[in-house]
**Q** 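One structure is given below, represented as C-alpha cells, and several questions about it will come after.
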Amino acid sequence: MERILIDQLKNKIEQEVRIRGRVDTIRDQGKIVFLVIRDGSGKVQAVAWQGNGEELIKTVKSLTLESIVDITGEVKEANQVEQGFEIDIKDIRIDSLAQSPLPIVVEGEHNDNVTALDQRLDYRWIDLRSPRNQLMMSVSTLMTDKLREFCISNNFKEIQAPRIIRTASESGANVFEVKYFDKKAYLAQSPQFHKQMAMAAGLERVFNVGPVFRAEKSFTTRHLTEYTSFDVEIAYIDSYKELCVFEQEMIKSMLKAVKEEYGERIKELFKIEINIPNGDFEYITVEQAKAKLAKIGVSSKGDEDFSPEEERKLSEIIKEETGCEFLFVTDYPHVGRAFYHMKDPHNPKIALGFDLFWNGIEITTGAQREHRIDALRENAKERGMDLTSLEDYFEYFKYGCPPHGGFAIGTERLLMKMLNLESILEATYLPNTPNRLGKLITKIGK
RNA sequence: GGAGUGGUAGCUCAAUUGGUUAGAGCAUCUCACUGUCACUGAGAAGGUUGCGGGUUCGAGUCCCGUCCAUUCCGCCA
C-alpha cells in the first residue's frame, strides 16, 4: 500500500491507510496504547488495542519517542479526539528504534524545559524536527525562492561566482586561506569582484546566491563565519537610489508571499506578525541620523558608522515616527566604506551608497560602484591597499564597463528578523562560528 | 582581541548565602490501568557539582588557575 501523508487522512475516513513517520507521544494504558504519530505534514493519534493481537501490542509497547514507524490501519471517527478521527492500528513495523532518552528535548507545545541552544546545535538533526524549526526551514526556502523569482522576472541572469579565489576581495576583513595544489588561495568573503565582472561581460543584471566566508572571531547573535549572501548587481544605473527601490520591491514581494503562505502558522509558532510596509521604506542620511540620536542622548561611535546600540535606537525612533520597520541610511563618509564605492561628485567625502536596517539590524550594504579605472585605483591607493594584487580586478574596467551598482543581503539575518529569532544561529541550518566547526565530532571522540 | 555572566542527574532548574545523606519537574526503567490526549497511580535507577589546586573542622557555595558556554563590544551581512 502507498504511504499517505497525515494531513490527507481526513479524506480517508473508514478506509485502510498506511502512514509513515515518527512517534511523537506514547500514552500506555495497559490494554490500550495511544500513540501520536508525526510526519512532515502533521500529527495524528493512532490506537493499539490488546484485542488487535498480542504481538502488535507488544511491538507498540516497545516503542520509544522519536522512533520511525510504518503503520497500516483503519481511519476511524473518534469523538474523543480533537481531530475527530484516529487510526486503529492493524499492523506496525518499526523502521528505526530511537535510543532513549534523547540527548536534547525536542521543542514542543508543552515543553518548558527546552534545551539550551548550544547543545541543541550539537544535535541539530534532532533539534530541526521541532514544528518551529520545520516551519523555519519552509519559510527559509520560500524566502530565497521569492527573492530569486523577483530577480528572474525582472530579466536578471544568475551567476555562480567562484568561492575559491586568488585575491581577497575586501580590504580589512580576514579571509580563510586554503591550499590550492601548491599555491595559496582564499575562500571568498564576497562575490563582489566577480559580480562586477558580469557588468563588464554585458550581463547587465545579475544575481548570485551562495555561501561567503568571514574569518572574523565575532561572538554575537548576528555573525557567522559562513553565511549565505544574496547578491545583486545592475548596470546602467543613474543613481544608487534605483538600487534602493529595487531592493525594497524585492523584499516587499517576498514578505507578501511568506505572509500569504505561512503568516498564520508564523503567528502561532513564532508569536510575530509579518508587517508589509504600505509605501516606500524610510530614508535618512548619516548626518540626520546622528543628530536624532544625539537628541535622545545616545553616545556616538563617530561620524563614519553606527554602533549596534545606535542602529537599534535609530530603528526604534524611525519606527515610532513613521511606523516603518525598514530604513535606508545614506550619505556615509567614503573613508569608512569599501574602496569600490563611488564618491559623490558634488561632495567627494561622501559615498554613493547605503545600508538597509530592518528593526535595528543591518541586513544590506549597497552602492553605486566606481567603474572608472583611474578613480578606482585612486580610491584603493587612498586606503593603502596593495595595487598589484588588485590588477586582475582592474582589468575588468579597461575594455568598456558600464556604470553600475549593487547590494548584498545576508539571508540568515533576513530570516532572523522575519521570525524574530534571538540568534542568527537559529536561522541557520548548521551554523559555523569561530568555535563551532567540527565541535560535535570532538565531543563524540571523547 | 576586550568586558561581563554562567557551568549541579539525559534535559530544565533548585540547594535558606560555608554546615549533616546535593533536591524537584520532565525523560528513562519496573508494576497497575480498555479512551488517554502535558494520561494517572505506586516504586526504582540516575551525581567525581566542568577540570586542577588552595583556604577551612567543614566547599556546589570562598580564592587562584584552566577549559567550555553565553551576552555585549570591536568587525560586518
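Chain letters run A, B, ... following the sequence lines, proteins first, then strands; residues in each count from 1. All values below come from the heavy atoms of this structure, side chains included, with hydrogens, waters and symmetry mates left out. All figures in this text were calculated on a predicted structure; none of them were measured in a lab.
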**Q** Do A:Ser218 and B:rC76 share a donor-acceptor pair, side chain to base, under 3.5 Å?
**A**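 Answer no: no donor N or O sits under 3.5 Å from an acceptor.
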
**Q** Using atom CD of A:Glu107 as one end and atom P of B:rC11 as the other, report the distance to the nearest whole Å.
**A**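 Taking CD of A:Glu107 and P of B:rC11, I get 17 Å after rounding.
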
**Q** Rounded off to whole Å, could you give me the CD-to-P distance for the A:Glu412 and B:rC76 pair?
**A**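 Rounded to the whole Å, the gap is 18 Å.
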
**Q** Using the ring centroid of each side chain, check whether A:Phe150 and A:Phe246 are separated by less than 6.0 Å.
**A**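 A:Phe150 vs A:Phe246: aromatic centres under 6.0 Å.
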
**Q** Quantified in whole Å, what is the C1' atom distance between nucleotide B:rC33 and nucleotide B:rG41?
**A**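 So the two C1' atoms sit 9 Å from each other.
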
**Q** If you count every heavy atom of other residues, nucleotides or ligands that lies below 6.0 Å from A:Ile296 atom CD1, does the total exceed 12?
**A**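 Count over threshold, so yes.
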
**Q** Atom CD of A:Gln368 and atom CG of A:Leu352: how far apart are they, to the nearest 0.5 Å?
**A**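 Separation between the atoms: 5.5 Å.
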
**Q** Send over the distance from A:Gln119 CD to B:rA9 C1', rounded to a whole Å.
**A**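 Atom-to-atom, A:Gln119 to B:rA9, this comes out as 13 Å.
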
**Q** May I ask you to say what A:Glu226 touches in the nucleic acid, namely base, sugar-phosphate or nothing, with a heavy-atom cut-off under 4.0 Å?
**A**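 Contact class for A:Glu226: none.
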
**Q** So, is B:rU17 syn or anti if syn means the angle is within 90° of 0?
**A**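 Classified syn.
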
**Q** Taking atom types as they are modelled, is there a donor-acceptor pair under 3.5 Å from the base of B:rC76 to the side chain of A:Arg413?
**A**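 Looking at the base of B:rC76, it does pair with a donor or acceptor on the side chain of A:Arg413 (distance under 3.5 Å).
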
**Q** Measure the distance from CH2 on A:Trp49 to P on B:rU34 and round it to the nearest whole Å.
**A**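 Between P of B:rU34 and CH2 of A:Trp49: 11 Å.
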
**Q** Within the structure, does a side-chain N or O atom of A:Arg27 lie under 4.0 Å from either OP1 or OP2 of B:rU34?
**A**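 No, A:Arg27 has no side-chain N/O under 4.0 Å of OP1/OP2 on B:rU34.
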
**Q** When both hydrogen-bonding distances must be under 3.5 Å and the geometry is Watson-Crick or G-U wobble, what is B:rU66 paired with, if anything?
**A**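 The answer is B:rG50, by the H-bond criterion.
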
**Q** B:rA14 and B:rC57: how far apart are their C1' atoms, nearest whole angstrom?
**A**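 Straight-line distance between the two C1' atoms is 28 Å.
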
**Q** Base, sugar-phosphate, or nothing for A:Val47, non-hydrogen atoms under 4.0 angstrom?
**A**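 If one applies the 4.0 Å heavy-atom cut-off, A:Val47 turns out to touch nothing in the nucleic acid.
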
**Q** Would you mind reading off the distance between A:Asp88 atom CG and B:rU34 atom P, rounded to a whole angstrom?
**A**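 Rounded to whole Å, this separation is 17 Å.
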
**Q** Tell me which nucleotide, if any, is Watson-Crick or G-U wobble paired with B:rG18 when both distances must be under 3.5 Å.
**A**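 B:rG18 is unpaired by these criteria.
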
**Q** Is it true that a side-chain atom of A:Glu242 and a backbone atom of A:Ser239 form a donor plus acceptor pair closer than 3.5 Å?
**A**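 A pair under 3.5 Å: yes.
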
**Q** Does the B:rG10 base have a donor-acceptor partner in the side chain of A:Gln99 within less than 3.5 Å?
**A**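 Check fails, no donor-acceptor contact within cut-off.
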
**Q** So what's B:rA24 paired with, Watson-Crick or G-U wobble, going by both distances under 3.5 Å?
**A**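 B:rA24 is paired, partner B:rU12.
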
**Q** Need one value for A:Ile104: base, sugar-phosphate or nothing, where a base atom within 4.0 Å counts as base even if backbone is also close, heavy atoms only.
**A**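 If one applies the 4.0 Å heavy-atom cut-off, A:Ile104 turns out to touch nothing in the nucleic acid.
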
**Q** Counting only Watson-Crick pairs (N1-N3 plus N6-O4 or O6-N4) and G-U wobbles (N1-O2, O6-N3), all under 3.5 Å, who is the partner of B:rU56?
**A**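 Pairing partner, where one exists within any strand: none, as none qualifies.
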
**Q** B:rU36 pairs with which nucleotide, Watson-Crick or G-U wobble, both distances below 3.5 Å?
**A**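 Paired with B:rU36, as far as the under-3.5 Å criterion goes, is no nucleotide at all.
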
**Q** How far does the P atom of B:rA15 sit from the matching atom of B:rG60, given to the nearest Å?
**A**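 15 Å, rounded to whole Å.
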
**Q** Compare side-chain N and O positions of A:Lys61 against OP1 and OP2 of B:rC29 and report whether any pair is under 4.0 Å apart.
**A**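 Looking at the OP1 and OP2 atoms of B:rC29, neither is under 4.0 Å from any side-chain N or O of A:Lys61.
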
**Q** Can you tell me, in whole Å, how much space there is between the P of B:rU8 and that of B:rU48?
**A**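 These two P atoms come out 12 Å apart once rounded.
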
**Q** Tell me: CD of A:Glu304 to C1' of B:rC76, nearest whole Å?
**A**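 Result: 15 Å.
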
**Q** Checking side chain to side chain contact (heavy atoms under 4.5 Å, CB included) against A:Val69, which of A:Leu63, A:Ile19, A:Asp95 comes through?
**A**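 In the set A:Leu63, A:Ile19, A:Asp95, the residue that makes a side chain to side chain contact (heavy atoms under 4.5 Å, CB included) with A:Val69 is A:Leu63.
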
**Q** Got a donor-acceptor pair under 3.5 Å from the side chain of A:Gln29 to the base of B:rU40?
**A**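 A donor-acceptor contact between them is absent.
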
**Q** Which base sits across from B:rC72 as a Watson-Crick or G-U pair, both distances under 3.5 Å?
**A**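 Pairing partner, where one exists within any strand: B:rG2.
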
**Q** Between A:Tyr227 and A:Arg214, is there a side-chain donor-acceptor contact under 3.5 Å, judged purely by atom types and distance?
**A**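 Short answer, yes.
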
**Q** When we call it a touch if two heavy atoms are under 4.0 Å apart, what does A:Arg120 touch: a base, just sugar-phosphate, or nothing?
**A**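 No contact.
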
**Q** Return the nearest nucleotide to the side chain of A:Thr221; candidates are B:rU36, B:rU71, B:rU34.
**A**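 Minimum distance to the A:Thr221 side chain belongs to B:rU71.
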
**Q** Please give, in whole Å, the distance from B:rC26 C1' to A:Leu102 CG?
**A**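 Going from CG in A:Leu102 over to C1' in B:rC26 covers 12 Å.
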
**Q** Phosphate oxygens OP1/OP2 of B:rC68: is one of them under 4.0 Å from a side-chain N or O of A:Arg436?
**A**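 Checking A:Arg436 against B:rC68: no side-chain N or O falls below 4.0 Å of OP1 or OP2.
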
**Q** Now, which nucleotide makes the Watson-Crick or G-U wobble pair with B:rC31, with each of the two distances under 3.5 Å?
**A**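 By the stated definition (distances under 3.5 Å), B:rG41 pairs with B:rC31.
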
**Q** Between A:Thr365 and B:rA77, does any side-chain N or O lie under 4.0 Å from OP1 or OP2?
**A**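 Yes, because at least one side-chain N or O of A:Thr365 sits under 4.0 Å from OP1 or OP2 of B:rA77.
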
**Q** Just call it for A:Gln45: base, sugar-phosphate, or nothing, with non-hydrogen atoms closer than 4.0 Å on any strand.
**A**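 Base contact - A:Gln45 has a heavy atom under 4.0 Å of at least one base atom.
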
**Q** Taking the ring centre of each residue, are A:Phe230 and A:Phe207 less than 6.0 Å apart?
**A**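 Yes - the distance between ring centres of A:Phe230 and A:Phe207 falls below the 6.0 Å cut-off.
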
**Q** Given atom CD1 of A:Ile32 and atom P of B:rA32, what is their separation to the nearest angstrom?
**A**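 Spelled out: CD1 on A:Ile32 to P on B:rA32 is 17 Å.
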
**Q** Just wondering, are more than 12 heavy atoms of other shown residues or ligands nearer than 6.0 Å to CD in A:Gln8?
**A**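 Count over threshold, so yes.
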
**Q** Determine the interatomic distance between P on B:rA59 and the same-named atom on B:rU20; round to the nearest Å.
**A**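 Straight-line distance between the two P atoms is 12 Å.
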
**Q** Just N and O in the side chain of A:Asn435: are any of them under 4.0 Å from OP1 or OP2 of B:rC68?
**A**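 Negative; the distance criterion is not met.
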
